[in-house]
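Worksheet: the structure to be examined is printed underneath.
Computation of the quantities below employed the complete heavy-atom set of this structure, encompassing side-chain atoms and omitting hydrogens, waters and symmetry-equivalent molecules. Every chain is numbered from 1, with letters handed out A, B, ... down the list of sequences.
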Amino acid sequence: MSGTVTKSNGWAKSPVAARRRAIDLVATGLSFVATAIAILMLASILWTLVSNGIAGLSVVALIRPMGPPGSHGGLANAIVGSVIQTVVALLMGAPIGLCCGIYLSEYGGKGRFASTVRFVSDVLLSAPSILIGLFVYLVLVAPFGHFSGFAGSVALAILAVPIIVRTTEDMLRLVPTAMREAGMALGAKKWRVVVFLCLRSARVGVLTGILLAVARVSGETAPLLFTSLGNENWSFSLAQPMASLPLAIYQYAGKPYDDWLALSWTGALLVTVGVLTINIVVRFGIRSRKG
Amino acid sequence: MVSIPAEQPSLDVSPIPGAADEAFWHGDRLFRLIVTGCALLVLLVLGGLVIAMGVGGLKAFAAFGPQFVVSNVWNPVSNEYGALAPLFGTVVSTLIAVAIALPLAFGAAFWLTAIAPPAVAEFVGSAVQLLAAVPSIIFGMWGLAVVVPFVAHHVQPFARHVFGHTPGLRWVVHGAAFGSGLLTGGVVLAIMVMPFMTAVMRDVFMAIPPMLKESAYGLGATRWEVMRRIVAPWSRTGMIGGVVLGMGRALGETMAVTFVIGNSNSVGWSIFAPRNTVASLIALEFPESPAGSLKLSALMALGFILIVISFASLIAARWLLREKSA
């Protein structure tokens, strides 16, 4: 017993072991620094947003529409526009994404068509969002001769679909085959099995995907630049150019007017808080309840 | 005894006339049709995207020919456009981003999988992923407010002090200290793509059979040695896949880059000089491009090149990530 202790102590004091330990210590330390840098960047972003944006956060900013510099404008029309476009995008994107995910998981299998769709969906997931805006401009803006909130919603929907496809397929694949077989054995048709058994038991995961898609598209600016364009005034019609929070931030940021600058930071704070709240709810709320 | 006509698809016979049709319209075939249609729609959107860019850019490709990709000119007055400067800015800022993000992501993935206690890793890992959720325009504003002054006041003076007289490196650090330029763009991009790379690396590090790691630990290897000799070689292709995936994101990023890269259509050695990228050029020049103009067509042509590049990088990433799992 004591022999082993002495032996291991002697081994540990050898120069080779000391060097190995030192290298391990350095590597461990550096890896900690790398992680810390990521966390610090997140903290720095949040701090910058809060310290610049909190001052402009007032009732006026939340209830008044945008206006020229010095007119005590707010962000209300942009907030409403963002909500409208995100909701419309979701109404279009969620069913398509769900159905596509269902196809990939329940019908496509490993077939050639399904593999292609899966790959294309992945490409869309990381396609440059500004090109999606350009595409929707060509299809829905140029032919009609004017920018519209609807075009913006379509661009956002194209961004939302691949996220929903991916999570829906993954979540449906987690549903045990035995459950499908049980449904079939009871005489249910396949679509009933898929919708009322599989989708229902995977609903938390599927909802997660939809929420993540909401978080992603509600902060997107680039696809809206050429589609919904932005609007200084109240706009509720999807056929007209529509304001949105990210576009308002883009328009106001870096401008030489103090009140516009302040509003852009306030808008940035609102968007980020919204997006991160959804993400935190998804990560800590829904996931932990499920697990 | 009810007789069943041969063409009736279901045994579910009901006395109501037209029941066969009803069974069809409420049944599996319709559902299958709908979901397949949605899958097809996804294909059509990407196909439409590529075709629209290609057709839109046709005029520019026809007007300038292969010269388009090697010309440095972007002159709306003389109506001459070339893609070299934005392509250069895109590629170099992406390379800088990968060079910075790769060690950070590797370190973070190493720390999260091998060193941190599981509960801490869970929490910190989620925080790192939150960084990926921050909208890109926020990265742009933060970059403009924090990174640009930092580069202007600290990084560039320091770099010039150290390398200002080194032959070869002199031109890399050359230029006025604006703060916005290729390096700043690369740094902001690096922070944006780092969480994606970390997530992929974490997954591939976790996928290694525990027995391999445990045998190495059992032989007395340190944690770094296990990483270096066992985990890293095992997951090399997966790691490269993650890097390429992050690269694909950096290539097409628009808002963050537009805020911090300085937006100057030029090519040169300095990493501090203002440049532009394909995406930032499209974002800034599009509002001044009338429909049907050669300029708009040149922007579409740039978009086409960009989508082809990101397509290629994604194919590469998938191929690399698949090889390991197979």
*Mind telling me whether Phe286(B) and Tyr137(A) have parallel, tilted or perpendicular rings, with 30° and 60° as the class edges?*
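Because their plane-to-plane angle is over 60°, the rings of Tyr137(A) and Phe286(B) count as perpendicular.
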
Given heavy-atom pairs under 4.5 angstrom as the criterion, report whether the side chain, backbone, both or neither of [X] touches chain A.
{"X": "Val42(B)", "result": "both"}
{"X": "Thr254(B)", "result": "side chain"}
{"X": "Leu43(B)", "result": "both"}

*Less than 4.5 Å apart, any side-chain heavy atom of Thr36(B) and any of Tyr107(A)?*
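They are not in side-chain contact.
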
*Heavy-atom side-chain contact between Phe31(B) and Lys190(A) under 4.5 Å*: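 Not in contact.
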
Between [X] and chain B, with a heavy-atom cut-off of 4.5 Å, which part of the residue counts as in contact: side chain, backbone, both or neither?
{"X": "Val275(A)", "answer": "side chain"}
{"X": "Leu30(A)", "answer": "neither"}
{"X": "Val194(A)", "answer": "side chain"}
{"X": "Leu42(A)", "answer": "both"}
{"X": "Val139(A)", "answer": "neither"}

_Sub-4.5 Å heavy-atom contacts with chain A: which residues of residues 187-199 of chain B show up?_
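Interface residues of residues 187-199 of chain B: Ile191(B), Met194(B).
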
*Kindly give the heavy-atom pair with the smallest separation between Ala283(B) and Leu225(A), and that separation in Å.*
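In this case the closest contact between Ala283(B) and Leu225(A) is CB-CD1, 4.0 Å.
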
*Roughly how far, to the nearest 0.5 Å, is CE of Met53(B) from CG of Leu134(A)?*
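It is 4.0 Å, given to the nearest 0.5 Å.
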
Could you name the residues of [range] that have a heavy atom within less than 4.5 Å of a heavy atom in chain B?
{"range": "residues 157-166 of chain A", "value": "Ile158(A), Val161(A)"}
{"range": "residues 44-51 of chain A", "value": "Ser44(A), Ile45(A), Thr48(A), Leu49(A)"}
{"range": "residues 31-41 of chain A", "value": "Ser31(A), Phe32(A), Ala34(A), Thr35(A), Ile37(A), Ala38(A), Ile39(A), Met41(A)"}

*Backbone N/O of Trp224(B) and side chain of Asp24(A): donor-acceptor pair under 3.5 Å*: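 Looks like yes, one N/O pair under 3.5 Å.
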
